[in-house]
Amino acid sequence: MSLLFPEYCEDFKRLLDSVGGKKIAVAGHMRPDGDCISSQFALAEFLRQAGAAEVVCVNQNPVPYLYENFIGNEKMLDAETFDDPSFEIAAVDCADYHRINESLCKRFPEPLACIDHHVTNRSASKISIIDPKASATAELLAGLALDAGLEISKENANRLYMGIATDTRQFTTTSTRAKTFETATRLVCAGADSSWVAIQLYQRERFAKLKLLAAYLQTLKLHFGGRLCMGFLPEGVYEETGSEKADSDGLVDYARSVNGVEIAALLEPLENGVKGSLRAKTETYRVNEIAEKFGGGGHLAAAGFTAKGYTLETLYPKLLGLAEAALKNADKPRD
Ligand SMILES: [Mn+2]
């Protein structure tokens, strides 16, 4: 069978060769999504296969409810308190190393490896494997493992399939390509059960999450003739609805789903700023450039940021201006 990621074979081999006898902590970004969780646990298993003496997974936040059935025998340790200096860090799905956890990054300033698919990644790791064309870190990692001839357990096949399915919104994003399906096919051949994964992800919704969605939907407003749809999560909404922060993942897609909407936004007030999620119908809008204005980043059609020092009241009009400019820019004829 042909290789899925021939251009990264060497680098991945270098990583596998370098972990023999070592202790590795596989880290992912805070408030992890499905791609992050699946890539962390899957890489942990691969590194053990490669001869690592001990592998643990660390994250600032616990595994969200939706992904609990993908934990298996793994454990997620708290990144904030993890301080064993005999470990080295391998980061996955992290556009920016600091998105793991500020204090962990200070304790481990020189990560061993980084595997990611964010276009804005400026990794300073010793081994960096970053492919912005990959639909998910899980797609890249699955391909690397298959290319390297590693054994893909049924558990890892389900995890990696889940990472791809979630980051591509069930194979519907613009980042979904032939190689995405090819990788998914190989995962199914390795034991991934697409219907089981779908039930875990989409048929276990908690009532509290629907309440959170309802609260977001209440705030939605259309701007610029219906081309921008923006809404927010009111302060205290998690307590009110009994939902958790990870439940906000995916809510912004409802705003984007409206007919005629080209850019969608979800804002969430934090203690010292506002978190924003941006989505566009196509990659033309480069919403990552809007996110970068607030120190964030992401993909051309899906990006996020935390605007420090802002409130909902100050950020909302600023974002309106930036979104308007992005819409105008997208209208310009291309050469
Ligand atoms: Mn991802």
Side-chain angles (χ1 to χ4, degrees), residues 4-5 8 12 26-44 46 57-61 63-64 66-67 70 76 79 90-101 111 113-123 125 128-145 156 158-177 179-181 183-184 187 197 201 245-246 248-253 256 266 275-280 283 287-288 291-292 296-306:
L4 290 158
F5 292 92
Y8 303 115
F12 192 57
V26 179
H29 60 78
M30 56 179 77
R31 297 178 68 167
D33 56 12
D35 188 26
C36 181
I37 293 291
S38 72
S39 300
Q40 282 192 259
F41 290 150
L43 181 61
F46 293 144
C57 291
V58 297
N59 200 293
Q60 182 175 299
N61 303 98
V63 177
L66 267 189
Y67 315 123
F70 297 89
M76 191 65 89
V92 292
D93 200 38
C94 245
D96 175 353
Y97 186 53
H98 292 274
R99 281 204 64 215
I100 292 174
N101 172 273
C114 168
I115 299 178
D116 185 33
H117 69 130
H118 292 92
V119 68
T120 50
N121 196 310
R122 306 273 175 273
S123 163
S125 301
S128 296
I129 305 176
I130 297 154
D131 186 352
K133 288 208 259 345
S135 68
T137 297
E139 177 191 316
L140 176 60
L141 181 57
L144 293 169
N156 255 358
N158 274 331
R159 285 178 182 134
L160 292 164
Y161 183 93
M162 178 276 276
I164 298 171
T166 50
D167 248 28
T168 61
R169 305 278 169 225
Q170 304 179 70
F171 303 90
T172 60
T173 55
T174 51
S175 58
T176 307
R177 55 194 180 145
K179 199 185 283 188
T180 313
F181 289 104
T183 309
L187 288 172
V197 171
L201 292 174
K245 294 220 161 200
S248 67
D249 186 38
L251 293 189
V252 66
D253 293 323
R256 176 171 57 180
L266 172 131
K275 181 182 182 276
S277 304
L278 302 171
R279 296 289 183 275
E283 294 189 340
V287 289
N288 62 312
E292 280 165 30
H299 311 284
L300 297 167
F305 60 84
T306 300

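Remember, it's 1-based here, ligands and their atoms both numbered in the order they're listed. These numbers come from the heavy atoms of this one structure, side chains and all, not from hydrogens, waters or symmetry mates.
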Spatial distance of atom CG (Leu266) from atom CG (Leu251) [nearest 0.5 Å]: 6.0 Å

Non-neighbouring partners of Arg177 that pass salt bridge (charged side-chain N to carboxylate O under 4.0 Å, His left out), sequence neighbours left out: Glu139

Criterion ring-ring contact (aromatic ring centres under 6.0 Å, His included) on Phe171 and Phe181, from CA distance to verdict: CA-CA 8 Å; Phe171 303 90; Phe181 289 104; 5.3 Å; yes

Pairing residues for Lys179 by the salt bridge (charged side-chain N to carboxylate O under 4.0 Å, His left out) criterion, not counting sequence neighbours: none

Neighbouring protein N, O or S atoms of the Mn ion (ligand 1) [cut-off: under 2.8 Å, no waters]: Asp35 OD2, Asp93 OD1, His117 NE2, Asp167 OD2

For Arg99, salt bridge (charged side-chain N to carboxylate O under 4.0 Å, His left out) partners two or more places apart: none

Separation of Asp116 CG from Tyr97 OH (nearest 0.5 Å): 13.5 Å

